[in-house]
Amino acid sequence: MRYLSTRGAPSNAPHAAAPGFSEILLGGLAPDGGLYLPEYYPQVTTSELERWRELSYADLAFAVLAKFIDDIPPDDLKTLLARTYTPQVYGNGRSDSPASEITPLRWLERPNAASGEGGLALLELSNGPTLAFKDMAMQLLGNLFEYVLAQRREEINILGATSGDTGSSAEYAMRGKAGVRVFMLSPHERMSAFQRAQMYSLHDDNIHNIAVRGMFDDAQDIVKAVANDHAFKARYKIGAVNSINWARVAAQVVYYFKGYFAATSETAGGNAQRVAFAVPSGNFGNICAGHIARMMGLPIGRLVLATNENDVLDEFFATGVYRPRSSAQTHATSSPSMDISKASNFERFVFDLVGRDPAVIRKLWAEVDAGRSFDLSGTPSFARLPEFGFVSGHSTHADRLATIRRAFETWGVMIDTHTADGLKVGSELRSSEMPMVVLETALPAKFEETIVEALGRRPERPPALQGIEDLPQRVEVIDVSVEAVKAIIERELH
Ligand SMILES: *Cc1c(COP(=O)(O)O)cnc(C)c1O
């Protein structure tokens, strides 16, 4: 499988072959500023679907990912996947969840054949080491990085900024990995005690926590400034693991298959039965994987995109207008991992929507990159939207509190604030002929404050994470300074 850029040729060289999976694994954007996508979406046959239904998570991941990865020998890929998707790695979640399932499905309302009611379920994606769905892809990325770097005798220094989820997920995935160092910037004293403890209690030699006396945006700006210093970037082999990384999107495709099989295991329709997925969305990475699973032929009836008050994407699906917000227009909400001003993976979907025409994408993203909006309403592309199965809605803080209460009182399940956004919108957009599977993107233990506000009690904390606030922490505190960060990287590499 070769990869192309949403903005045109992946390489300026006229006859250069398009890159393969391993080549784009360590990079971020394509050289032309676009995002990588496979040249075509591999299709799954009905007999494959039948066979895949019986597979373990790791074997299913192999079946799916082998269609996208042909430059890692199959046996090696199989080994990497078997090492990644284990009950040990994904057994940190709810005490009553079967860890062997990796992503267990929890019915809230079972399907009812007699009444034709499709049922409502949670797909648990948050049982990994940092209790958020990002572990599903990031843990694989850690193993893939280590493998590919060893093959190429290369090293990488991952530089990132985090306000919580991504940074900790990256650190837990990369800790102890040969050839990889992580330098993670976070806003000093602006994360919860739990988030700080999760990151700063790691003592691995290759993990460097740097707290910046400023806001998340200051940390982000430092990362951009370092990456824009091309000489420094090349000399110190600076890389990133942000949400546009293709391998992360690809790894997420797997659990749509897993969720589909689990939701239809008791249905007479088998693989003819359609399923709807509701996805709490921010940068469009998670739901982009659902779109790809659907393009591969998985019978996904609906992709329900849920936003919080930051409703850039909901607005697009409702009106055809994509209007990136400024940071001043971006709300700080109680589902913070969805607080985005624009959605970095959205370009991938629009590429498909406009018939995979890179010239159109270049024009549209010239606007976006200049901070302006674009409007597809009235275009033939926007008229095709229903073909892609997307519907959308948004949710507010009051909705989250009400949904957390409803889930607890009705089904006895405590959910986090992001999952609440998904459940709220998914419940509104249910249709009786298919099950609605809401993706659980984090566990409530990560967002104690809002859970206490909604329910007047604290969420259960998985045993592995009890008392982590009391562990010794390792973090270097610096002023908002690009030079200070460069100095730390130089120091560690000499
Ligand atoms: C990252 C994240 C999201 C948003 O996912 P995208 O792939 O950015 O759309 C939702 N919920 C949680 C808990 C997250 O960490």
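In each ligand, atom 1 is the first atom listed, and ligand 1 is the first ligand listed.
- Checking Asp314 against His394 by side-chain atom types alone, a donor-acceptor pair falls below 3.5 Å.
- Using cut-offs of 30° and 60° for the angle between ring planes, the Tyr256 and Phe277 rings count as perpendicular.
- Contacts between Phe133 and ligand 1 below 4.0 angstrom, taking non-hydrogen atoms only, involve the side chain exclusively.
- Contact analysis puts Pro280 in contact with ligand 1, with a non-hydrogen atom separation below 4.0 angstrom.
- In this structure, Arg302 fails the cation-pi test against Phe317, since its NZ or CZ atom is not both closer than 6.0 Å to the six-membered ring centre and inside 45 degrees of the ring normal.
- Atom numbering of ligand 1 starts at 1 in the shown order; those under 4.0 Å from a heavy atom of Asn283 are 6 (P), 8 (O), 9 (O).
- Inclusion of Thr441 in the set of residues having an N or O under 3.5 Å from an N or O of ligand 1 is warranted.
- Using a 4.0 Å cut-off between a side-chain N of Lys or Arg and a carboxylate O of Asp or Glu, Arg400 and Glu453 do not qualify as a salt bridge.
- In terms of N/O distances under 3.5 Å, ligand 1 is not approached by Ala132.
- When each atom of ligand 1 is checked for a heavy atom of Ala442 under 4.0 Å away, the hits are 13 (C).
- Nearest-heavy-atom check against atom 7 (O) of ligand 1 across Asn286, Leu305, Val279, Asp416 picks out Asn286.
- Atoms of ligand 1 found under 4.0 Å from any heavy atom of Lys134, numbered from 1 in the order shown, are 1 (C), 2 (C), 3 (C), 14 (C), 15 (O).
- Residue Glu347 is tested with Arg362, Arg7, Lys342 for a salt bridge (Lys or Arg N to Asp or Glu O under 4.0 Å); the sole match is Arg7.
- Taking the ring centroids of Phe316 and Phe382, they lie under the 6.0 Å cut-off.
- Between Tyr322 and Phe346, the ring planes are tilted. Angles from 30° to 60° get that label.
- Distances below 4.0 Å separate heavy atoms of Ser281 from the following atoms of ligand 1: 9 (O).
- Near Gly285, with a cut-off below 4.0 Å to any heavy atom, the atoms of ligand 1 are 6 (P), 7 (O), 9 (O).
- From the protein, the heavy atom lying nearest to atom 4 (C) of ligand 1 is Gly282 N, 3.6 Å.
- For ligand 1, none of its N or O atoms has an N or O atom of His418 under 3.5 Å away.
- Taking a 6.0 Å sphere around CZ of Arg356, one finds it holds more than 12 heavy atoms contributed by other residues, nucleotides or ligands.
- Here is the list of ligand 1 atoms found below 4.0 Å of a heavy atom in Asp165: 13 (C), 14 (C), 15 (O).
- Taking every non-hydrogen atom of Met338 and a distance limit under 4.0 Å, the qualifying atoms of ligand 1 come out as 10 (C).
- The residues Arg406 and Asp399 are annotated as not salt-bridged, no charged nitrogen and carboxylate oxygen being separated by less than 4.0 angstrom.
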